[in-house]
Amino acid sequence: MDSTTGLELPEVPKSLLVIGGGYIGLELGTVYATLGSKVSVVEMTGGLLPGADRDLVAVLQKRLETLFAKIMLNTKVVKVTDQKSGIRVSFEGAGSPSEDVFDRVLVAVGRRPNSKIPGIETTGVKVDASGFIATDAQRRTAEPTIFAIGDVAGEPMLAHKASHEARVAVEAIQGHRAVFEPLAIPAVVFTDPEIAWTGLTEAQAQADGRDVEVAKFPWAAIGRAITIDRPDGLTKLVLDKGTGRILGVGIAGAGAGELIAEGTLAIEMGATADDLRMTIHPHPTLSETLMESADVFFGQSTSVFKPKRK
Ligand SMILES: Cc1cc2nc3c(=O)[nH]c(=O)nc-3n(C[C@H](O)[C@H](O)[C@H](O)COP(=O)(O)OP(=O)(O)OC[C@H]3O[C@@H](n4cnc5c(N)ncnc54)[C@H](O)[C@@H]3O)c2cc1C
């Protein structure tokens, strides 16, 4: 199955193998495991959700290890055979079984832009090597009367990026001075707990060699997380070391997707850690974890004793 057929299943499979530990595989795996399937996940790389910060993924992985039957990392699927008894799958990877049988197999190994539009070759529209249509900042293609938005116009392939681009393109067509230049585009993984991030991730900052400071706040120290029995969370800020400007926000925990919008607004408005900690947040709510992580940056969190090193 792909993700479309995976959402149309008439029955709950007894066992399900998800090939690919990305967001779609983990979301659908969570759905079926919660409905009673015995779900296993196989991922070729060394970790789930490649690209996301490891400390955020760790919060989710801990829970998935109890929800899923098996999580096989550094493991490749080398053969799939349809049999009467089910689908026999062969694996290659240290610590993984050499084969197993499943009722259903979901292939969730990434998505490609669908730019093979019949007749596109008769226009001036340019498609790059990855299949994305090249556009300018108003989403105008190399053929000036054709605009492209959404997955076909580039990463991240997310619905809210698509609709924002559409707004810019329509305004540009109407002659307004519109331009697509977000400082941050939020991403949410709708698992339980959710993982959300916006702006610069710590992993990206490290890869780019950027001098950032990371301030983390564990949810076990916040009242609201305790009262809803979800202390398994983490809120972190990626900050410019010199100015304390907020460059990125990452959250793992129940309802992280609802909380991330504040981080995106903070980045768009050029807010600093000082702005965030001086903004009064309602108590008792999970939103306090954002304010408290800003306090951690200054070594002054009231809930976590972490004095700033001189
Ligand atoms: C399982 C799954 C879960 C996802 N979850 C999320 C999520 O939680 N949040 C999020 O932000 N994003 C999510 N996404 C991504 C999101 O769906 C896409 O980023 C978004 O739909 C992109 O919008 P779009 O308009 O570019 O493409 P689409 O929504 O795919 O729309 C393109 C349309 O064009 C039609 N079409 C294609 N070729 C032709 C043709 N030749 N002629 C006429 N029509 C054509 C297609 O049928 C389709 O209806 C998810 C994707 C998947 C697969």
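Throughout, residue positions are numbered sequentially from 1 according to the sequence presented. Because the structure is predicted, anything quoted here is derived from the model rather than measured.
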side-chain hydrogen bond (donor to acceptor under 3.5 Å, both in side chains) filter on S115, not counting sequence neighbours, yields none

Side chain to side chain contact (heavy atoms under 4.5 Å, CB included) filter on E181, not counting sequence neighbours, yields V179

Those residues at least two apart in sequence (or on a different chain) that pass side chain to side chain contact (heavy atoms under 4.5 Å, CB included) with Q83 are S85, R88

Using 4.0 Å as the upper bound for N to carboxylate O, is an ion pair formed by K306 and E292?
no

Residue pairs meeting side-chain hydrogen bond (donor to acceptor under 3.5 Å, both in side chains), one or both in residues 233-262, sequence neighbours left out, come to D53-K236, D55-K236, E202-K236, D211-K241, W219-T235, T235-T289, D240-T243, E262-H281

Applied to residues 96-150, the ring pair (Phe, Tyr, Trp, His ring centres under 6.0 Å) test, sequence neighbours excluded, yields none

Would you kindly say whether T123 and E143 are connected by a side-chain donor-acceptor distance under 3.5 Å?
no

Sequence neighbours excluded, the answer for ring-ring contact (aromatic ring centres under 6.0 Å, His included) partners of H160 is none

Applied to residues 186-195, the side-chain hydrogen bond (donor to acceptor under 3.5 Å, both in side chains) test, sequence neighbours excluded, yields D192-R230

For K70, the salt bridge (charged side-chain N to carboxylate O under 4.0 Å, His left out) test, sequence neighbours excluded, returns D100

Sequence neighbours excluded, the answer for side chain to side chain contact (heavy atoms under 4.5 Å, CB included) partners of K116 is none

side-chain hydrogen bond (donor to acceptor under 3.5 Å, both in side chains) pairs touching residues 26-38, sequence neighbours excluded, are none

Residue set satisfying side chain to side chain contact (heavy atoms under 4.5 Å, CB included) with P282, at least two apart, ordered chain then number -> T285, S287

Sorted by chain and residue number, the side-chain hydrogen bond (donor to acceptor under 3.5 Å, both in side chains) partners of T198 (sequence neighbours excluded) come out as T264

